[in-house]
Amino acid sequence: MYRKPWVKFLIALGSVCAAFALVCSVIAFVRIFRVSREVAKSEKTLEAKQNELEEIKKEVKKVARQQEKEAKEQEKREAELEKAFQEEEPEVTVQPTPSPSPSPSPSPTSVASANRGEAAISQNQQPTGVLSENQEGQMQSASGAGHVVGIDPGHQGPNVDMSATEPNGPGSAEMKAKATSGTSGAYSGIGEYQLNLDVSLKLQQILQERGYRVIMTRTDNDTAISNAERALLAADEGAEIYVRIHANGSDDHGVQGALSMCPSQDNPYVSELYGDSLRLSQNLLDAYCAATGFENRGVQFYDNMTGINWSKVPVSILEMGFMTNEHDDMAMADEQFQQTMAKGIADGIDAYFGQ
């Protein structure tokens, strides 16, 4: 059948358009298919990333918990180290006595006078009368003949860096600060290191007047000497006993009185010194409290003191009073009363060698 040229043209054009449309449809389908695949792949990737993020969050939480645990453990260790470094300043948890506290401003002269007879009495005798000052001086001048005493004014001035460590005892793996500056008077403001030195120097003079030879581990606040070095120095210089002079502190400002410390019979370093150290501690404390009128808090045992664990001779720490208690602090800061304190300690040393 004959068709006109323009009809043929239209048919051809329609065929081309149909073919073009088909090609476009195929291309569109392919692209949609690819996009769908990419979307599916992206969703899987996103899901994987979300899972990974969740794992990371869990890990972060785990690490945070671990760090929190380690921080608590570190705080605990630091607290223990701080307590250990305050070697000569152990925590005191005893409760104050229910009896009324003495006046915060005691008269050192009256206290010493009231206890003069008691300080001169031995533990196994009753008083037969009060000695005259001349008789007492004659007895004291002969009491120390031939004996050597090591005196350690506890702690060190804060201007001397003693933060380096040393073993807690011979062969010990536990390391402790070589020395610290100690506590300070909550009311007087005096540093313990200074109070210890002031009383120790007065004690040195009294002992020398009584015929003792005295070994001082320090005579100022500027000489760098560790707790272990002090103990070894006293023994190397021939000391027969080692008396360490300290003052105490407590969070409870009502706690007051004196106490002494020595190694226990289970001390891993100096258990052989237990018996004589206990006797020395008891003599020092009883005579000191008799002279000063301070409350007697008894003898306590400590095996974590570097200055005790390195000693080679009977050793005792006398905690003269609580610098956190107004009565004790203000009394100990009085220079005249310090003379009474030193005399009481010397009487305790007399009692030890007199037994």
Side-chain angles (χ1 to χ4, degrees), residues 77 79-95 150-156 162 165-183 192-193 196 200 217 226-232 234-235 239 241-252 255-286 288-289 294-324 345 348 352:
R77 286 194 296 269
E80 291 175 351
L81 285 174
E82 181 178 355
K83 182 178 179 181
F85 287 167
Q86 293 291 333
E87 175 194 344
E88 321 310 337
E89 203 62 43
E91 289 290 332
V92 177
T93 57
V94 292
Q95 296 297 320
I151 302 296
D152 174 37
H155 298 290
Q156 186 56 275
M162 298 297 289
T165 58
E166 62 185 357
N168 184 41
S172 173
E174 180 183 359
M175 304 299 290
K176 300 176 69 173
K178 288 188 173 183
T180 64
S181 56
T183 187
E192 183 193 350
Y193 66 92
N196 296 339
S200 294
T217 61
S226 75
N227 290 315
E229 291 169 340
R230 298 179 192 210
L232 295 175
I241 58 174
Y242 184 40
V243 179
R244 313 186 64 203
I245 305 300
H246 285 263
N248 223 328
S250 173
D251 292 335
D252 184 350
V255 178
Q256 63 187 85
L259 58 90
S260 58
M261 304 175 181
C262 70
S264 76
Q265 57 186 343
D266 297 322
N267 185 287
Y269 310 103
V270 290
S271 58
E272 71 279 3
L273 301 179
Y274 162 73
D276 288 337
S277 295
L278 175 58
R279 182 165 61 88
L280 173 62
S281 297
Q282 193 69 64
N283 287 146
L284 289 173
L285 182 61
D286 290 347
Y288 175 81
C289 290
F294 276 20
E295 178 184 347
N296 189 325
R297 305 200 72 91
V299 179
Q300 299 182 9
F301 303 100
Y302 284 86
D303 294 333
N304 62 341
M305 303 283 189
T306 306
I308 287 179
N309 296 338
W310 281 93
S311 184
K312 296 181 178 179
V313 296
V315 56
S316 176
I317 297 177
L318 177 65
E319 296 282 358
M320 300 179 292
F322 283 79
M323 301 189 77
T324 46
I345 299 171
Y352 174 83

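Just so we're clear, the structure is a prediction, and the values are computed from it rather than from any experiment. The analysis underlying the following values was restricted to heavy atoms, covering all of them including side chains, and did not include hydrogens, waters or symmetry mates.
- Salt-bridge formation is not detected for the pair Lys176/Glu174: no Lys NZ or Arg NE/NH1/NH2 atom is positioned less than 4.0 Å from an Asp or Glu carboxylate oxygen.
- Listed here is the closest heavy atom pair of Glu192 and Gly182: OE1-CA, 3.4 Å.
- Side-chain polar atoms of Gln265 and Ser271 form no donor-acceptor pair below 3.5 angstrom.
- The only option from Leu232, Val270, Val315 that meets the side chain to side chain contact (heavy atoms under 4.5 Å, CB included) definition with Trp310 turns out to be Leu232.
- A donor and an acceptor atom, one from each side chain of Ser181 and His155, are nowhere located under 3.5 Å apart.
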task: Report the C-alpha separation of Phe294 and Met320 in whole Å, then their side-chain angles, then the decisive distance to 0.1 Å, and conclude whether the side-chain contact (heavy atoms from CB on, under 4.5 Å) test is met.
output: CA-CA 9 Å; Phe294 276 20; Met320 300 179 292; 5.8 Å; no
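- The two atoms that bring Leu273 and Ser277 nearest to each other are O-OG, 2.7 Å, heavy atoms only.
- The line from CG of Leu285 to CG of Leu280 is 11.0 Å long, rounded to the nearest 0.5 Å.
- Asn196 and Ala247 make their closest contact through OD1-N, 3.5 Å (heavy atoms, listed as atom of the first residue, atom of the second, distance).
- Remark: Ile317 CD1 to Arg244 CZ distance equals 4.5 Å, nearest 0.5 Å.
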field: Ser264 vs Tyr302, side chain to side chain donor-acceptor pair (under 3.5 Å): CA-CA, chis, key distance, verdict
entry: CA-CA 6 Å; Ser264 76; Tyr302 284 86; over 6 Å; no
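- Rounding to the nearest 0.5 Å places CD1 of Ile151 at 10.0 Å from CG of Leu318.
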- request: Please step through side-chain contact (heavy atoms from CB on, under 4.5 Å) for the pair Asp152 and Val243, ending with a clear verdict.
  value: CA-CA 6 Å; Asp152 174 37; Val243 179; over 6 Å; no
- request: I would like to know whether Arg230 and Gln156 meet side-chain contact (heavy atoms from CB on, under 4.5 Å); could you show each step before the answer?
  value: CA-CA 12 Å; Arg230 298 179 192 210; Gln156 186 56 275; 3.8 Å; yes
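- Between Tyr352 and Ile241, the closest side-chain pair of non-hydrogen atoms falls below 4.5 Å.
- Side-chain contact of Asp303 with Asn309: a donor-acceptor pair under 3.5 Å is absent, judged by distance alone.
- Between the side chains of Glu272 and Tyr274, no donor-acceptor pair of N or O atoms lies under 3.5 Å.
- Taking all atoms of both residues into account, the shortest heavy-atom contact from Gly257 to Phe322 is O-CD1, 3.2 Å.
- At a cut-off of 3.5 Å, with distance as the only test, no side-chain donor of Asn227 or Thr306 sits close to an acceptor on the other residue.
- For the residue pair Tyr288 / Ser260, no side-chain donor-acceptor distance below 3.5 Å is found, with atom types taken as modelled.
- Counting only heavy atoms from C-beta outward, the side chains of Tyr242 and Thr217 approach each other to under 4.5 Å.
- The shortest non-hydrogen separation linking Ser281 to Cys262 is OG-CB, 3.3 Å.
- Put simply, the side chain of Arg297 gets close to the backbone of Gln256: a donor and an acceptor are under 3.5 Å apart.
- Looking at Asn168 and Asn304, their side chains never bring a donor and an acceptor atom within 3.5 Å of each other.
- Contact of the Thr324 side chain with the Val255 side chain is not registered, since no non-hydrogen atoms from C-beta on lie closer than 4.5 Å.
- Between the side chains of His246 and Glu319, no donor N or O sits under 3.5 Å from an acceptor N or O.
- Put simply, OG on Ser316 and CD1 on Ile308 are 7.5 Å apart, with the number rounded to the nearest 0.5 Å.
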- prompt: Given the rule in the side-chain contact (heavy atoms from CB on, under 4.5 Å) test, do Asn248 and Leu259 qualify, once you have shown the distances and angles that lead to the verdict?
  reply: CA-CA 9 Å; Asn248 223 328; Leu259 58 90; 3.6 Å; yes
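- The minimum heavy-atom distance between Phe301 and Pro263, with the atom names listed, is CD2-O, 3.7 Å.
- Evaluation of the salt bridge (Lys or Arg N to Asp or Glu O under 4.0 Å) rule for Asp276 yields Arg279 as partners, not counting sequence neighbours.
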